[in-house]
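A quick write-up on the structure given underneath.
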Amino acid sequence: MRTLAKNLATYVGREVTVKGWVNSRRDHGGLIFIDVRDHTGIVQLVIQPEQVDAFAQAEGLRDEFVVSASGLVRERAEELRNKNIDSGDIEISVQQIVILNRSNALPISLNEEQFTNEESRLRYRYLDLRRQKMQLMLSRRAKYYKYMRDYMEAQEFTEVTTPILANSSPEGARDFLVPSRVHQDKFYALPQAPQQFKQLLMVGGIARYYQIATCFRDEDPRADRLYGDFYQLDLEMSFVEDGEEVRAAMEPLIKNLVTDFAGKKLVTENIPRIPYTEAIERYGSDKPDLRFGMELIDLSNALENTEFGVFKNAISAGGAVKAICVTGAATLSRSQIDHFTTIAKSEGAGGLAYITLEDNEIKSPIAKFLSESERTEILDKTGLKEGDAVFFGADSRQIVNKVLGRLRNEFADHFNLKDPNQVALAWIVDFPFYERDTATKKIDFGHNPFSMPKGGLAAFDEPLDDAKKLAIIADQYDMVMNGYEICSGAVRNHNPEVMYKAFSVLGYDTKYVDEKFGAMIGAFKYGAPPHAGCAFGIDRIFMVLSNEENIREIVAFPKNGSGVDVMMNSPSTVDPSQLKELGFK
RNA sequence: GGGCUCGUGGUGUAGAGGCCUAACAUGCCUCCCUGUCACGGAGGAGAUCGCCGGUUCGAAUCCGGUCGGGCCCGCCA
């Protein structure tokens with residue numbers, strides 16, 4: 001990648017001036033070598049003692065000094081070439097060196113192998129960015145943006161920027177609030193997404209909108225989730241009543257990003273559509289990693305008459321017994337099994353029952369509780385083979401899916417089933433419109449109140465009991481990439497009548513809807529076209545395509561896990577006069 | 001809000017009751033060195049082991065608290 005010296009090859013025999021940082025200095029007493037680094041690469045300077053002034057300057061150089069060096073570009077003699085590095089064939093015989101700036105010894109290591117802790121790297125991010133990996137990341141990221149823009153423009157999407165100073169939205173994440181000076185006691189909020197604006201653009205007759213949008217959310221971060229601000233490729237299409245149109249419009253971009261841009265392989269060319277409930281039942285997750293199988297197998301029927309108490313109790317309580325078959329897991333040690341048991345318990349399981357097949361014989365602490373027919377049935381359903389192990393979950397269906405879904409992931413990590421060169425994409429579709437809050441037991445919007453319920457107004461036909469409410473499907477879809485949610489979208493509810501109905505089911509009257517979503521619901525009364533869209537989390541996609549597991553690695557200036565920018569020291573206190581101006585005491 | 005985990009010279013690590021007056025690598029400083037390329041050689045400086053308290057004859061090491069980082073749960077329409 002570093003090609004400065006290669007570029008200089010065409011200048012052999014000519015005088016040049018190079019400017020950059022001292023990458024390393026090798027002082028042989030009577031002869032000094034300096035590697036100079038700029039954004040394109042490295043070149044070796046040779047300073048002979050005959051060049052008295054330059055030599056004196058070179059003796060005083062230290063790592064990361066900024067220099068300008070002039071001299072003759074020459075090919076190295078055959079025995080002096082270094083075949084191991086790009087810059088090994090030429091060098092500059094220096095006549096003059098000017099120190100443009102000096103540098104203290106660096107507080108972090110720029111050596112790619114000796115990794116400094118993240119806290120220091122973030123504190124000195126301006127130095128960390130000098131590392132080749134970070135340089136490459138930033139230039140790749142710029143190309144990534146261009147790649148997306150080129151595609152969207154070719155598909156005749158119109159880029160529209162929407163306000164950063166917007167309104168607090170009652171649903172969803174915590175807002176960042178901005179006090180208004182002109183209108184005291186009132187606040188702007190930074191948008192969690194341009195959701196309402198883009199829907200208003202549809203009403204405004206923008207047929208296809210897109211934007212690389214900054215989104216702001218005041219929620220605790222994760223390794224794959226930035227604190228504060230992040231970016232979405234946000235888009236919306238009018239006169240679309242079927243989400244399939246949106247999915248079809250965007251699939252080529254994502255597939256090309258995987259193959260052409262990132263040089264990875266798609267696990268399947270055809271991207272599966274998996275209904276939400278099916279994803280939960282088969283993979284124990286609404287964002288399954290499909291690079292490997294290990295599906296959850298329902299044994300509730302096969303074991304309905306079992307004598308094994310744990311299974312029996314789960315089934316009779318209306319729960320489920322499910323299992324995953326893990327190839328090669330019979331060799332797991334006792335302590336490894338304990339490790340996975342701890343994980344299972346952390347997800348709510350009481351324990352982790354398992355059986356293994358070794359020497360064509362089922363071995364297990366629970367084997368004695370299983371009848372011959374039950375063993376046969378388990379073998380048959382799970383496909384347990386010599387050397388494998390089957391792990392069971394027995395509890396409420398929800399907990400069983402959660403536990404086994406987590407274990408499926410952990411086992412895949414343990415057995416190295418996640419090929420970094422492969423990308424598995426899937427659309428998860430048909431999310432529940434309403435869900436019951438596990439804590440309050442109350443029914444609330446599952447994901448997004450702006451989605452169209454499948455069936456429209458007919459979805460709310462009386463009689464409408466809780467079971468029927470919970471069965472309503474939202475025309476909503478997520479895209480999943482290697483176990484990460486990378487996109488969320490929906491056919492929107494553009495019909496005021498359906499909108500009021502969707503809220504009234506939860507006990508909210510029209511006044512509430514008008515107050516909270518006035519602009520949007522008002523706009524829908526003036527001929528809103530049906531529309532649908534989605535938003536891709538482009539930081540996360542770039543992270544996956546870059547083989548990174550920490551999203552901060554692919555952002556120039558990220559906040560740390562506490563929402564602090566340790567380099568700029570934000571958030572910070574402000575001048576009392578600023579507060580006074582805003583009406584604070 | 002909760003759980004787990006980490007905190008030792010500038011950086012990365014070792015040390016897990018007495019071997020520690022804290023080791024190694026790298027970086028830094030001084031000197032030597034004309035073909036190195038992460039140059040080499042000799043010497044040197046640099047750490048009250050995050051902080052506070054406790055247990056103990058004795059604590060970097062054990063315990064409690066606290067602060068800070070990381071991962072996870074909650075949360076993320």
Side-chain angles (χ1 to χ4, degrees), chain A residues 5 23-36 42-50 55 59 62-64 76-89 91 93 103-124 127-128 169-175 191-193 195-196 215-228 230 342-343 345-348 402 406 409-410 431 433-435 437-439 444-451 474 476 485 488 490 502 516-517 535 537 540 549-550 552 560-562 564 566:
Chain A
N23 200 64
S24 71
R25 168 173 156 275
R26 296 175 292 280
D27 184 346
H28 288 235
L31 180 68
I32 299 173
F33 300 99
I34 305 283
D35 286 347
V36 172
I42 283 173
V43 68
Q44 171 167 284
L45 311 180
V46 187
I47 303 100
Q48 304 277 356
E50 292 75 34
F55 197 82
E59 283 186 307
R62 294 295 180 270
D63 282 359
E64 300 305 311
R76 301 194 199 176
E78 193 53 42
E79 69 276 16
L80 302 180
R81 290 174 192 253
N82 185 341
K83 304 294 180 201
N84 300 321
I85 53 178
D86 287 350
S87 55
D89 289 333
E91 61 191 13
S93 178
S103 172
N104 293 335
L106 261 44
I108 64 170
S109 166
L110 300 192
N111 188 326
E112 303 287 340
E113 276 100 63
Q114 184 165 359
F115 230 61
T116 306
N117 71 72
E118 194 192 23
E119 193 180 359
S120 299
R121 287 179 56 213
L122 291 182
R123 190 178 304 280
Y124 298 99
L127 299 179
D128 192 47
S169 50
E171 305 288 332
R174 270 184 221 99
D175 287 316
Q192 298 174 22
Q195 182 67 33
Q196 295 195 57
C215 303
F216 303 88
R217 291 177 194 177
D218 183 11
E219 294 295 344
D220 290 354
R222 290 283 186 277
D224 66 346
R225 204 166 79 198
L226 289 159
Y227 176 79
F230 65 99
T342 306
I343 291 168
K345 284 180 176 170
S346 77
E347 297 290 344
K402 195 169 151 215
R406 171 77 188 275
N409 242 315
E410 297 287 338
F431 284 78
F433 193 75
Y434 297 118
E435 276 177 337
D437 188 305
T438 44
D444 203 351
F445 287 110
H447 287 260
N448 179 337
F450 307 121
S451 303
Q476 188 184 332
E485 179 192 324
S488 195
K516 297 297 182 187
F517 313 103
R540 197 176 283 167
E549 290 183 353
N550 185 327
R552 296 184 293 273
N560 74 5
S562 307
V564 173
V566 289

Problem - side-chain contact (heavy atoms from CB on, under 4.5 Å) assessment of A:Asn82 paired with A:Gln44 - result: CA-CA 11 Å; A:Asn82 185 341; A:Gln44 171 167 284; over 6 Å; no
Could you list all N or O pairs between the protein and nucleotides 71-74 of chain B that sit under 3.5 Å apart?
residue : atom : partner  : partner atom : Å
B:C71   : OP1  : A:Arg552 : NH2          : 2.8
B:C72   : OP2  : A:Ala223 : N            : 3.0
B:C73   : OP2  : A:Arg222 : NE           : 2.9
B:G74   : N7   : A:Arg222 : NH2          : 2.7
B:G74   : O6   : A:Arg222 : NH1          : 3.0
B:G74   : O6   : A:Arg222 : NH2          : 3.1
B:G74   : N1   : A:Asp220 : OD2          : 2.9

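Dashed line: the shortest gap from a side-chain N or O of A:Arg123 to OP1 or OP2 of B:G69 is not under 4.0 Å. OP1 or OP2 of B:G69 sits under 4.0 Å from a side-chain N or O of A:Ser562.
Comparing A:Ile108 and A:Asp63 by the nucleotide of RNA chain B whose heavy atom lies nearest to each, the residue mapping closer to the 5' end is A:Ile108.
Closest approach of A:Asp218 to A:Tyr227, counting heavy atoms only: OD1-OH, 2.7 Å.
The A:Pro107 side chain lies nearest to B:G10 when the options are B:G10, B:U11, B:G69.
Residues that satisfy the side chain to side chain contact (heavy atoms under 4.5 Å, CB included) test with A:Glu435, not counting sequence neighbours, are A:Tyr276, A:Pro432.
Under the Watson-Crick or G-U wobble criterion, with both distances below 3.5 Å, B:C4 is paired with B:G70. Nucleotide B:C24: paired with B:G12 (Watson-Crick or G-U wobble, both distances less than 3.5 Å).
Using a 4.0 Å cut-off between charged nitrogen and carboxylate oxygen, A:Arg222 and A:Glu549 do not count as a salt-bridge pair. A salt bridge links A:Asp128 to A:Arg121: one of the charged nitrogens lies within less than 4.0 Å of a carboxylate oxygen. Under the 4.0 Å criterion applied to side-chain N and carboxylate O atoms, A:Asp220 and A:Arg225 are not assigned as salt-bridge partners.
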Problem - nucleotides 31-37 of chain B: protein proximity per nucleotide (B base, S sugar-phosphate only, - neither; heavy atom, under 4.0 Å) - result: --BBBBB
